[in-house]
Amino acid sequence: MGKEHTIQTTCPYCGVGCGVLATPQADGKVLIEGDPRHPANLGRLCSKGSALGETVDLSNRLLYPKVAGKRVSWDEALNTVSKKFKDIIDKYGPSAIGFYVSGQILTEDYYTANKLMKGFIGSANIDTNSRLCMSSAVAGYKRAFGSDSVPCSYEDLEQADLLVMAGSNLAWCHPVIYQRINQVKQQRPDLKVVVIDPRKTSTCDIADLHLSLRPGSDATLFNGLLNYLKQEDYLDLDFLEQHTEGFSAAIKAARDSAGNIPQVSSITELPEEDIVKFYQLFASTEKVITLYSQGINQSTSGTDKTNSIINCHLATGRIGKPAMGPFSFTGQPNAMGGREVGGLSNQLAAHMEITNPEHHDRVSRFWETDRLATENGAKAIDMFKDVAAGKIKAVWIMATNPVVSLPEADSVKAALEQCELVVVSECESNTDTTELADILLPAAAWGEKDGTVTNSERRISHQRAFLPLPGEAKPDWWMMTQVARRMGFEKAFPFEKPVDVFREHARLSAFENNGTRDFDLSGLADISDEAYDNLAPIQWPVTAEAPAGTARLFTDKRFFTPSGKARMVPIEPKLPQNPTSDAYPLVLNTGRIRDQWHTMTRTGRAVRLNAHIPEPAVQIHPIDAQNWDLVDGALAEVISQWGKMIVRVVFTDEQRPGSVFVPIHWSNQFASMARVDALVAAVYDPISGQPESKHTPVRIRPYQPIWHGFILSRRPISVKDANYWVKVRGAQFWRYEIAGEKTISQPHLWAQEHLGTEGEWLDFIDKKAGRYRAGKIVGNKLEGVVFIAPSHELPARSWLSQLFTSTSLSDTERYSLLVGQPGKGQKDCGAIVCSCFGVGENTLKDAISAGHVHNVDEIGTKLNAGTNCGSCVPELKKLLGH
């Protein structure tokens with residue numbers, strides 16, 4: 001197929017909302033390119049986006065409806081869902097039903113789910129996994145502005161003179177925006193960047209100042225800034241007087257909690273000179289953006305942290321103007337779309353409120369229902385506690401994996417195991433959550449579904465289908481529409497295609513609005529089918545006065561509070577609810593890594609994305625590692641009051657002493673004991689309901705199995721007798737990292753049990769040393785290898801993996817299998833640094849030591865590394881010693 005079949009769509013990963021050009025090929029593959037016309041990314045893609053073409057295969061796809069494990073027709077599945085829902089409602093009331101949805105579904109899906117649950121089932125027990133990533137930002141914006149209004153645009157980031165990045169590893173979590181900023185900084189070195197993060201992340205590569213503050217002390221730092229602005233006469237008094245309220249209470253709280261630099265230093269554990277430098281930069285620079293994300297939001301006081309940031313912008317009048325404002329970045333591609341339609345359990349659609357009588361009346365009339373929920377529903381954590389307690393009898397989970405991603409994940413699993421009815425609509429057949437489903441509904445995946453998403457800057461984009469629906473998969477909005485009709489709500493759910501839903505969504509935003517609500521799509525309320533199909537990216541509000549959209553909010557200095565003034569909120573900083581102790585002396589921080597996404601159901605398919613960090617790991621400072629007798633590269637148990645995990649140890653002085661970091665991505669589908677949220681406590685911000693994912697007290701100790709090993713196999717296998725295992729998809733093979741607590745008495749038979757007895761076997765055994773090496777060869781091609789040793793120090797996997805690409809093993813390559821090291825002429829590229837081009841650490845080190853490359857540009861010219869998404873550039877600089 002040629003370029004005429006190229007489809008403009010959007011990336012399904014983070015909240016940047018990058019435009020993607022997808023071109024299906026004749027061989028079934030899909031060519032992926034960045035869309036140079038999309039204003040979010042201007043043609044750039046990160047490593048994950050670049051690899052999207054490798055994730056559209058149908059392996060492990062859920063293709064047919066199932067009830068009680070048996071394939072059924074759609075009619076039977078939908079009738080079963082609707083009948084069971086009706087029976088439960090008749091017996092227990094509407095609050096016995098719960099929906100748990102996701103920032104991965106499209107706005108049209110979100111709207112349909114919200115309308116069905118709140119408007120016609122009559123309960124607000126619908127919440128979203130976006131509760132885990134941005135609900136504190138929502139609550140903070142609403143307290144300050146009277147509305148969930150993100151005031152800034154990406155262009156503001158490029159025009160600013162100071163960027164403050166608080167609790168955001170932008171380089172790994174929103175890499176395309178990071179690269180936009182990096183490019184501006186190279187062109188305009190006067191742009192200053194301050195990174196506020198306990199960890200020294202890759203984002204610090206462009207930082208002029210890194211503030212490695214005590215975990216949880218952000219509000220104290222920003223209260224101190226507010227107090228400093230007052231003391232040093234940097235306030236915008238006219239703006240404060242005319243356009244804000246609450247300044248006196250806010251400044252008093254700031255003065256009481258952070259009245260001077262030594263006090264701030266004592267609480268944040270930052271050097272006084274660094275605090276002063278930050279405060280002076282903020283005070284003396286007019287064009288300031290404070291960009292914040294999960295490090296601020298995922299806290300038991302996340303809403304207060306948000307408002308401590310907003311207070312500083314309001315105090316200086318730095319909002320509603322180019323290159324100024326508090327800018328929250330969302331974690332998911334459609335977290336913002338969910339906010340627009342009321343995806344959270346304490347919202348109504350179109351940024352209205354369940355408990356506001358005027359809003360309730362308006363939405364009831366628009367939807368023509370007398371069943372609209374009158375009370376806020378259960379937020380995510382409480383929803384699953386209600387499932388456990390039997391208050392919620394049926395739950396419908398859409399496009400998310402709560403058995404992995406929710407705090408106290410083992411309790412969530414137990415709750416679903418005893419729930420009367422668990423419905424899961426998913427595109428993946430096997431996840432930790434689908435294993436607990438009574439009814440499975442096959443959902444359309446990215447590339448197959450059609451609708452809209454909204455990114456972090458309020459930009460609505462059309463995510464278009466370019467692949468046929470496989471099997472009997474269907475879009476989520478269709479499933480919910482069908483269930484609604486079967487429950488007797490046919491008139492309210494006439495939707496036949498996504499544009500039908502979008503038009504109603506836009507009309508509701510405009511209904512009796514007249515400028516009183518921030519979210520307004522009145523300019524799109526009558527959009528035609530053709531215009532919807534061709535919808536170009538556009539930022540809301542979209543109105544008759546702003547038909548091309550609105551780049552920046554609050555330019556008129558009018559807010560959506562009753563007084564029209566922004567509220568400054570007094571903030572009393574709070575310590576995390578779970579302090580460390582002698583039993584649990586370390587702080588566990590969780591988050592994303594560069595090349596993986598959520599629970600890896602999509603990124604785990606892409607070979608190149610599994611190479612950079614192939615195993616779940618705990619990053620720890622060498623000082624702490626020494627205190628706890630850990631060995632770099634060995635295994636360790638991380639233990640909290642709620643659970644434990646086994647992970648690989650990584651020493652790094654970029655980790656703050658007293659804290660450890662573990663990624664969120666691994667599930668039971670990819671590892672034996674690596675669900676980090678099984679360790680995280682189910683405590684949350686009392687205002688936003690967002691859980692504390694950045695501060696769990698843990699202890700750590702060496703995990704000392706009898707043997708360590710790995711298996712590389714051309715076909716997937718089931719590992720036996722291993723207490724620790726991690727499954728990694730590689731090029732032409734599967735990789736298994738393993739360790740066990742029981743001796744393998746006959747390793748040759750054990751190896752054959754895993755890889756099969758056929759073919760030629762080359763093996764070596766040293767019983768005394770406890771070492772075993774074997775290679776299985778079929779038709780002179782390597783089919784599998786097994787390496788077992790008493791310690792974690794094993795041969796590099798990189799050179800062995802290259803043998804799988806050989807069409808015929810040479811004598812040298814055969815010998816290398818027996819001796820366990822590369823033979824003469826065999827090159828070991830080392831651990832992958834650049835995922836886009838598969839460039840390894842050894843290749844880079846060799847080029848640097850030989851004097852062939854001296855800087856990042858030369859590495860790019862000669863080895864390609866760093867020239868695509870740029871996410872590996874900070875690591876390239878480290879190797880260069882820069």
Side-chain angles (χ1 to χ4, degrees), residues 1-14 16-35 38 41 45-64 102-106 109 332-334 398-401 425-431 434 441-451 453 461-476 478 498 595-611 665 669-670 716 727-732 734 835-836 838 868-869:
M1 293 184 179
K3 287 289 183 182
E4 66 273 15
H5 294 96
T6 296
I7 300 296
Q8 287 179 288
T9 185
T10 59
C11 180
Y13 293 124
C14 77
V16 174
C18 294
V20 172
L21 299 178
T23 309
Q25 307 291 291
D27 60 1
K29 296 180 180 178
V30 178
L31 174 66
I32 296 293
E33 301 169 283
D35 185 351
H38 197 292
N41 59 314
L45 289 177
C46 73
S47 59
K48 294 185 289 292
S50 298
L52 276 168
E54 301 170 32
T55 69
V56 295
D57 65 274
L58 297 182
S59 60
N60 196 43
R61 279 297 299 272
L62 178 63
L63 297 174
Y64 309 100
S102 164
Q104 296 286 289
I105 62 176
L106 305 181
D109 305 319
Q332 296 188 85
N334 204 29
M398 304 175 200
T400 187
N401 201 0
S425 45
E426 249 292 356
C427 52
E428 294 293 305
S429 179
N430 298 108
T431 73
T434 61
L441 304 177
W446 178 82
E448 303 156 6
K449 57 187 180 179
D450 185 271
V453 294
S461 296
H462 197 149
Q463 191 176 104
R464 298 176 176 88
F466 54 88
L467 294 172
L469 287 168
E472 295 178 9
K474 295 287 187 182
D476 291 277
W478 180 89
D595 293 345
Q596 294 294 354
W597 173 255
H598 282 200
T599 60
M600 294 168 56
T601 50
R602 182 181 291 114
T603 49
R605 297 168 178 266
V607 169
R608 68 171 108 164
L609 300 181
N610 295 321
H665 307 290
Q669 310 305 310
F670 293 96
K727 179 181 179 181
V728 185
R729 194 172 190 170
Q732 303 183 41
W734 291 85
S835 299
C836 295
N868 183 42
C869 75

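On a predicted model such as this, the values are computed, not experimentally measured, just so you know. Numbers here simply count residues along the sequence, with the first being 1.
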So which of P470, C427, P475, P468 actually passes side chain to side chain contact (heavy atoms under 4.5 Å, CB included) with E448?
P470
Nearest-0.5 Å distance, CG of residue N60 to OG1 of residue T431
8.5 Å
Can you name the nearest heavy-atom pair linking A22 to T9, along with the distance?
CB-CG2, 4.4 Å
Specify the closest pair of heavy atoms between P24 and F466, including all atoms of both residues, with the distance to one decimal.
CG-O, 3.5 Å
Minimum heavy-atom separation for A445 and R61, please, with both atom names.
CB-NH1, 3.7 Å
Determine whether T434 and S429 make a side-chain contact, defined as any pair of heavy atoms from C-beta on separated by less than 4.5 Å.
no
Results of side-chain contact (heavy atoms from CB on, under 4.5 Å) for L52 - residues two or more places apart only
C11, P12, Y13, V20, I32, T55, W446, R602
May I ask you to test the L469-K449 pair for a side-chain heavy-atom distance under 4.5 Å?
no
Let me confirm one number: the OG1-CD distance from T599 to E428, rounded to the nearest 0.5 Å.
8.5 Å
Partners passing salt bridge (charged side-chain N to carboxylate O under 4.0 Å, His left out) against E426 (at least two apart in sequence or in another chain):
none
Roughly how far apart are N334 CG and I105 CD1, rounded to 0.5 Å?
7.5 Å
Spatial distance of atom SG (C836) from atom CG (L45) [nearest 0.5 Å]:
9.0 Å
Taking all non-hydrogen atoms of both residues, which atom of M398 and which atom of S425 are closest, and how far apart?
CG-OG, 3.3 Å
Checking side-chain polar atoms at under 3.5 Å, does N401 have a donor or acceptor matched by the opposite partner on T601?
no
Are V56 and L467 close enough that some pair of their side-chain heavy atoms sits under 4.5 Å apart?
yes
Given 3.5 Å as the limit, does a donor-acceptor pair link the side chain of N610 with the main chain of R729, or not?
yes
For R608, the salt bridge (charged side-chain N to carboxylate O under 4.0 Å, His left out) test, sequence neighbours excluded, returns E54
Closest heavy-atom pair and its distance - A399, S102
O-OG, 2.9 Å
What distance do I7 atom CD1 and Q463 atom CD have between them, rounded to the nearest 0.5 Å?
13.0 Å
Take H38 and T10, measure what side chain to side chain contact (heavy atoms under 4.5 Å, CB included) needs, and give me the verdict at the end.
CA-CA 9 Å; H38 197 292; T10 59; 4.2 Å; yes
With side chain to side chain contact (heavy atoms under 4.5 Å, CB included) as the criterion, how do F670 and Q596 come out once you've worked through the C-alpha distance, each side chain's angles and the decisive distance to 0.1 Å?
CA-CA 13 Å; F670 293 96; Q596 294 294 354; over 6 Å; no
State, with a plain yes or no, whether a side-chain heavy atom of Q104 is found less than 4.5 Å away from one of P333.
yes
Trace of the side chain to side chain contact (heavy atoms under 4.5 Å, CB included) decision for H462 with D450
CA-CA 8 Å; H462 197 149; D450 185 271; 3.1 Å; yes
Is there a side-chain contact between L21 and Q8 in this structure, where contact means two heavy atoms from C-beta onward sitting under 4.5 Å apart?
yes
